[in-house]
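Have a look at the structure below before the remarks.
For clarity, every value in this text was computed on a predicted model and none was experimentally measured. Whatever order the structure lists ligands and atoms in, that order sets their numbers, starting from 1. We use all heavy atoms of the structure for the numbers below, so side chains are in, but hydrogens, waters and symmetry mates are not.
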Amino acid sequence: MSNQKPPRPRDTLATIPAYVAGRPPTPRPGQQVYKLSSNENPYPPLPGVVEAAQAAVASMNRYPDMGNGALYDALADRLGVPTGQLAAGTGSVAVLYHLLQAFCDPDDEVVYAWRSFEAYPIAVSATGAVSVRVPVDADGRHDLDAMAAAVTDRTKVVLVCTPNNPTGPSVTGAELQDFVAKVPDHVLVVVDEAYREFVRADDPVDALALQKAHANVAVMRTFAKAYGLAGFRVGYLVAHEDVATAVRATALPFGVSTVAQAAAVASLAVEEQLMERVEAIVGERDRVVAGLRHQGWRFPDPQGNFVWLPVGDRTPEFVALSEQAGITVRPFAGEGVRVSIGEPAANDLLLDVAGAWDHQPETAAGER
Ligand SMILES: *Cc1c(COP(=O)(O)O)cnc(C)c1O
């Protein structure tokens with residue numbers, strides 16, 4: 001019998017929004033172009049990291065160490081936590097998928113701020129859970145009171161993204177402490193610290209200390225941003241041992257490759273040099289922020305390696321002007337653009353584009 005219709009996937013798949021990846025720049029003859037659309041680290045890998053990865057390549061005929069032994073040992077040593085409290089994955093996005101799979105039944109609720117990281121609604125829908133989005137305030141900050149009030153009997157997980165991608169601000173240590181005190185014990189509070197190394201605000205979050213004090217707090221981190229390993233896909237969770245065990249149980253076996261593990265371990269060994277680079281990126285961020293403010297721009301306080309420009313309905317125009325200038329930015333239709341802090345020359349191009357921008361028409365739609 002001829003059959004033209006393939007089997008149907010779960011209904012929840014229809015609710016999965018597409019992930020819009022930051023576009024690479026279009027090559028332009030005679031013009032240097034820069035990618036400022038994915039919050040990547042503009043620096044190439046440090047020497048020891050490349051050598052460690054190259055050495056690991058020689059064993060590609062073997063499966064990786066399924067226990068991620070070397071990586072867990074290095075992280076445990078660095079963070080001062082037992083290896084049993086760690087769960088690694090192919091990027092912290094993968095760790096989030098594993099975590100939601102481990103904790104959410106269909107129709108359970110996951111509370112997070114919005115706008116926030118676009119992987120959240122995708123990961124929640126893929127699990128079959130329900131997203132409960134709590135709008136960020138006018139300054140692009142988490143409204144933690146409203147998030148606490150949004151918790152119900154069905155809530156299993158709350159995601160706190162600090163600094164928040166794409167709006168930029170971080171929550172303070174005191175704010176997060178108050179929040180955790182309000183959230184019931186059956187709810188797992190996941191602190192997504194993808195950009196923690198770039199935070200220079202007063203009273204920064206000490207998520208590991210908070211995790212130590214509260215069995216329902218978990219911390220998610222990544223090697224993709226400050227550590228410059230976006231292409232290798234390594235992220236991890238620090239949580240109560242039972243939580244970490246559950247997350248490891250749903251993880252793909254052999255997910256993190258031997259090469260990626262070797263690069264991550266080598267990166268921890270050259271952390272001091274990496275943090276000097278982070279300092280330089282923060283310096284560039286401060287320069288860009290001062291320049292933009294001087295030009296009259298108003299935008300939320302950026303604590304990551306990116307700035308958020310709320311150009312509202314005129315987002316496509318800003319994107320086009322940026323492209324002409326040689327930088328690719330990340331558009332959020334109708335809301336604004338997120339621009340990563342890159343090489344100084346790339347940041348100069350952003351300041352050129354922003355400086356030539358006439359502000360009037362977008363203000364109403366763009367103010368947030
Ligand atoms: C980039 C980013 C991550 C990390 O993603 P990886 O999968 O580790 O590359 C996690 N959370 C947020 C908010 C991010 O912006």
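- Closer than 4.0 angstrom to ligand 1 sit non-hydrogen atoms from G91, S92, V93, F117, C161, N165, D192, A194, Y195, T222, A224, K225, R233.
- Donor-acceptor pairing under 3.5 Å is recorded for the side chains of S125 and T15.
- By the 6.0 Å and 45° rule, R293 stacks over the aromatic ring of F299.
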Subject >> Full working for salt bridge (charged side-chain N to carboxylate O under 4.0 Å, His left out) between R330 and E118 >> reply: CA-CA 12 Å; R330 170 69 170 83; E118 64 176 330; 2.9 Å; yes

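- For the side chain to side chain donor-acceptor pair (under 3.5 Å) test, residues two or more places apart in sequence or in another chain that qualify with E317 are R314.
- By the 6.0 Å contact criterion, NE2 on H186 is enclosed, its count of non-hydrogen atoms from other residues, nucleotides or ligands being greater than 12.
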**OP:** Let me see the working for C161 and Y120 under side-chain contact (heavy atoms from CB on, under 4.5 Å), right down to the final yes or no.
**Re:** CA-CA 10 Å; C161 186; Y120 296 164; 3.3 Å; yes

